[in-house]
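For the numbers below, each heavy atom of this structure counts, side chains included, while hydrogens, waters and symmetry mates do not. The model shown is predicted, which means the values in this text are computed figures rather than measured ones.
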Amino acid sequence: MSLCATASREAAEPLAGTAATARTWLLVEQTGPWGAKALTASHLDPALGRALEAAAKGTGVRVALIRRPGRHADRRDATRHRLFLAHTTPGRSWIRTTTVADPQTALGLDFAALGAGEHGDLWEPYTGEPLVLVCTNGKRDRCCALLGRPLAADLAAAGTEVWEVTHIGGHRFAPTLFVLPYGYAYGRTSLSLAADAVAAARNGRIALDHCRGRSTWDRPAQAADLAVRELLGEDRADVLDVVHTDRLLPQPPSPQAPTRPQAPAPSPGSTSPQAPKPPHDTTSRDTAPHDTAVTGEEAPAWTVTVAHSDGRAWRVTVEQRADGAPAPASCGAPLDPPARMAVTAVTAVTATPDSTALSG
């Protein structure tokens, strides 16, 4: 059987900068089977699923269904639904929870405020163990079921606060793991690696091994965060923040052909539109689908400013490349070179005795 996860592993596809993007997660418990698009193909009312998708669009909130690990008989008698809201911004992360009889309640949420990190004392604060989500939706990709469900079952047997989830991106990195409240995702996850990630989150840290990035940011920023962490050996979850992302404009081909490209308009997600622009840059939180490979002179690049809570900062250059071995993005997809986030330079922008730079 050909599996996208096997092809990705054999191609040594990098994990950094591949996490799903969302500042805030709304998780709705829904038992029973899930379809490929679970919000509208499960025992959840399809009209409610469509309404939740519409309400969350453009707010920074991502909606997913969850269920406890185990057998999932096709039953419709669930009378209570656990709901979680989790915000993942560094220094402002939180989890709120409630249990409801009718998940229609979620339509009354202020999605814009939640995406901005304002919960308004909604529901109850969640104070338990870190929440662990494992993608197990086999209708979306068989790797998630074949590899994810055994991991979720093993974690549950070990006493971890684990839920199966409909989709957290990156089927080819199955089994995929997502840990809240900090919002770091992991790929090709073993039971021991998952245990390390949970133990780290319990102590306000992250596990760097097999880490895909923090969902708070877009994919170039995820890669930049992990590059600075690798440089410093820094695993404290909230001491690093991405304060600015600039899209690099392509240089003119030569002085004889000084065609100047037009700067794209800033995207709604730009984190710091007032910050100074580096030469040939435009301020933009790029929202293009980073899984799509773009080659040649059109391949995008960014400079990402990463700040430490101690006052240091680094400017990280990230390029989207498609120079890896061809592999399917999911089971049954065509063989194409996957897009990857390549960090080409990490440069300190505040001078301190232990600031260093990396290029490559």
Suppose we screen for side chain to side chain donor-acceptor pair (under 3.5 Å). Which residues come up paired with [X], at least two apart in sequence or across chains?
{"X": "Ser192", "answer": "Ser190"}
{"X": "Glu234", "answer": "Arg236, His308"}
{"X": "Glu13", "answer": "Ser8, Arg172"}

Under the salt bridge (charged side-chain N to carboxylate O under 4.0 Å, His left out) rule, collect the residues that match up with [X], sequence neighbours excluded.
{"X": "Asp336", "value": "none"}
{"X": "Arg62", "value": "none"}
{"X": "Asp121", "value": "none"}
{"X": "Arg50", "value": "none"}

*Any ion pair linking Glu164 and Arg149 (charged N to carboxylate O, less than 4.0 Å)?*
yes

*Are Arg214 and Asp238 within salt-bridge range, i.e. N to O under 4.0 Å?*
yes

*With sequence neighbours excluded, what pairs up with Ala200 under the side-chain contact (heavy atoms from CB on, under 4.5 Å) test?*
Arg205

*asked:* Apply the hydrophobic cluster definition, ILVMFWY joined by side-chain contacts under 4.5 Å directly or through others, and give me every member besides Leu83.
replied: Leu26, Val28, Trp34, Leu39, Leu44, Leu48, Leu52, Val61, Val63, Leu65, Leu85, Trp94, Val100, Leu107, Leu109, Phe111, Leu114, Leu122, Trp123

*Would you kindly confirm whether Val304 and Val228 end up in one hydrophobic cluster when ILVMFWY residues are joined by side chain heavy atoms under 4.5 Å apart?*
yes

_Is there a path of hydrophobic side-chain contacts, each under 4.5 Å between heavy atoms of I/L/V/M/F/W/Y residues, joining Val162 to Val179?_
yes

*Test item: Asp310 side-chain N/O and Arg312 main-chain N/O as donor-acceptor pair under 3.5 Å*: yes

*Short side-chain to backbone donor-acceptor contact, Ser42 and Ala38, under 3.5 Å*: yes

Scan side-chain atoms only and decide if [X] and [Y] contain a donor-acceptor pair under the 3.5 Å cut-off.
{"X": "Tyr186", "Y": "Asp196", "result": "no"}
{"X": "Thr24", "Y": "His87", "result": "yes"}
{"X": "Thr18", "Y": "Arg219", "result": "no"}

*Among pairs that include at least one residue of residues 86-114, which meet salt bridge (charged side-chain N to carboxylate O under 4.0 Å, His left out), considering only residues two or more places apart or in two chains?*
Arg92-Glu118

*According to the ring-ring contact (aromatic ring centres under 6.0 Å, His included) rule, which pairs have a member within residues 8-28, sequence neighbours left out?*
Trp25-Phe178

*Determine which pairs satisfy ring-ring contact (aromatic ring centres under 6.0 Å, His included) with at least one residue from residues 135-166, sequence neighbours left out, and list them in order.*
Phe84-Trp163

_Could you measure the distance from the CZ atom of Arg142 to the SG atom of Cys4? Nearest 0.5 Å is fine._
8.0 Å

*Heavy-atom pair with the smallest gap, counting every atom of Ala86 and Ile95*: CB-CG1, 4.0 Å

